[in-house]
Protein chains: 2
Amino acid sequence: MKIGELAKLSGVAAHTIRFYETKGLLPKASRNVNGYRHYNNESVQRLATIQCAKRLGFSLEDILTVLAHSEPAKGLDHDKVLQQLDVRLLEVKQLIKALLVQQNEITLFKQQLQTTWQQGKCMQADALFDSNSAMITE
Amino acid sequence: MKIGELAKLSGVAAHTIRFYETKGLLPKASRNVNGYRHYNNESVQRLATIQCAKRLGFSLEDILTVLAHSEPAKGLDHDKVLQQLDVRLLEVKQLIKALLVQQNEITLFKQQLQTTWQQGKCMQADALFDSNSAMITE
DNA sequence: TATAAGCTTAAAGTTAACTTTAATGTCAAT
DNA sequence: ATTGACATTAAAGTTAACTTTAAGCTTATA
């Protein structure tokens, strides 16, 4: 099939497919007489793989690393895959933690602001931010 | 004070301070005879404000927006600030949700992989990812 | 006095993951 | 035969928030 068809089947834009090829995420496509790239079902599979990994939060480079450590014949390098999954899992957990902190800080800040403003005080930005800063870091 | 001193006091690198000036986050600094930028305590405050807002996850552009809607004399635009805080709060909540989903997906995927591999099966990458994909989307 | 540290500018580089552009070639259908 | 859709390439553009570079002044210290 041609790149446009693959694009439709996979949901990945044609130019993105070419981009993936330059990045080594897809093997260099074989060409037919007119120079057009030619794909088969394996290509669809490969793109599905990439999509899936991306959904788990992996960067293209992560995906490339796993691919690089896996020989076509033997399949994936198990240790590498599990290791990457663990790294990503840790990353995700830390992100969640940081975001929960942010959520609290913003909520608290909002309350402070509203209270202050309801009292008719029109503090300058700096003072407000500073009081919030002090509140949080204490 | 000169830019280097401000950098030390605020914990923001000198070139970053100049960068903020070009972006309008800091007012154009007055210069002394030799052309060097000259700062005072207000500058320290302003940088603290920016740092604080950044910690809450606001982009420089967000910060600029609030600043733009606030006149120096009147202080901050209350509605604008509260609105921005609400937008960011929603953003944070959605991010947390998405990350929790990712956390689950990765954990499930790991278990699937380990089970499969322990059974001595050496599936190819595609099949694995696909089974995972199916598992998740069902 | 010489050297090092600090200041100035504008412009380009960085990272990620594409997207857009430009200029051109091929194919399918009417 | 012509129109429109699809293909090719390399290179530049996008976004965010800086960082680095280059090339050249100024100031402080030994």
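Computed over heavy atoms, backbone and side chain alike; hydrogens, waters and symmetry mates excluded.
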Student: Apply side chain to side chain contact (heavy atoms under 4.5 Å, CB included) to A:Ala13 and list each qualifying residue two or more places apart in sequence or on a separate chain.
Tutor: A:His15, A:Thr16
Student: Going by the rule side chain to side chain contact (heavy atoms under 4.5 Å, CB included), which residues pair with A:Ile96 if we only count those two or more places apart in sequence or in a different chain?
Tutor: A:Val92, A:Leu100, B:Leu99, B:Leu100, B:Gln103
Student: In plain terms, say whether A:Lys23 and A:Glu61 are close enough for a salt bridge, that is, a side-chain N and a carboxylate O under 4.0 Å apart.
Tutor: no
Student: Who are the side-chain hydrogen bond (donor to acceptor under 3.5 Å, both in side chains) partners of A:Ser59, not counting sequence neighbours?
Tutor: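 For A:Ser59, the residues satisfying side-chain hydrogen bond (donor to acceptor under 3.5 Å, both in side chains) (neighbours in sequence not counted) are A:Asp62.
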Student: For D:dC6, does OP1 or OP2 lie under 4.0 Å from any side-chain N or O of A:Arg37?
Tutor: no
Student: Can a salt bridge be assigned to the pair A:Glu105 and B:Arg55 using a cut-off of 4.0 Å between side-chain N and carboxylate O?
Tutor: yes
Student: Under the salt bridge (Lys or Arg N to Asp or Glu O under 4.0 Å) definition, can you give me all pairs with a residue in residues 82-97 of chain B, not counting sequence neighbours?
Tutor: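 Found A:Lys110-B:Asp86, B:Arg88-B:Glu91.
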Student: What are the bounds, 5' to 3', of the part of DNA chain C that sits under 4.0 Å from heavy atoms of chain A?
Tutor: C:dA16 to C:dC27
Student: More 5' along DNA chain D: A:Glu5 or B:Leu60, using each one's nearest nucleotide?
Tutor: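 Per heavy-atom nearest nucleotide, the more 5' residue is A:Glu5.
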Student: Considering only heavy atoms from C-beta outward, does the side chain of A:Val44 approach that of A:Asn41 to under 4.5 Å?
Tutor: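 Sidechains of A:Asn41 and A:Val44: in contact.
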Student: Name the residue closer to the 5' end of DNA chain C, choosing between A:Lys2 and A:Thr16 according to the nucleotide with the nearest heavy atom.
Tutor: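 The answer here is A:Thr16.
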Student: Dump the intermediate steps for side chain to side chain contact (heavy atoms under 4.5 Å, CB included) on B:Trp117 and A:Val81, then the final yes or no.
Tutor: CA-CA 12 Å; B:Trp117 284 339; A:Val81 172; 3.9 Å; yes
Student: Nearest heavy atom decides the nucleotide; on that basis, is B:His15 or B:Glu61 closer to the 5' end of DNA chain D?
Tutor: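 It is B:Glu61 whose nearest nucleotide is closer to the 5' end.
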Student: Residues from residues 17-29 of chain A sitting under 4.0 Å of DNA chain C, heavy atoms only?
Tutor: A:Phe19, A:Tyr20
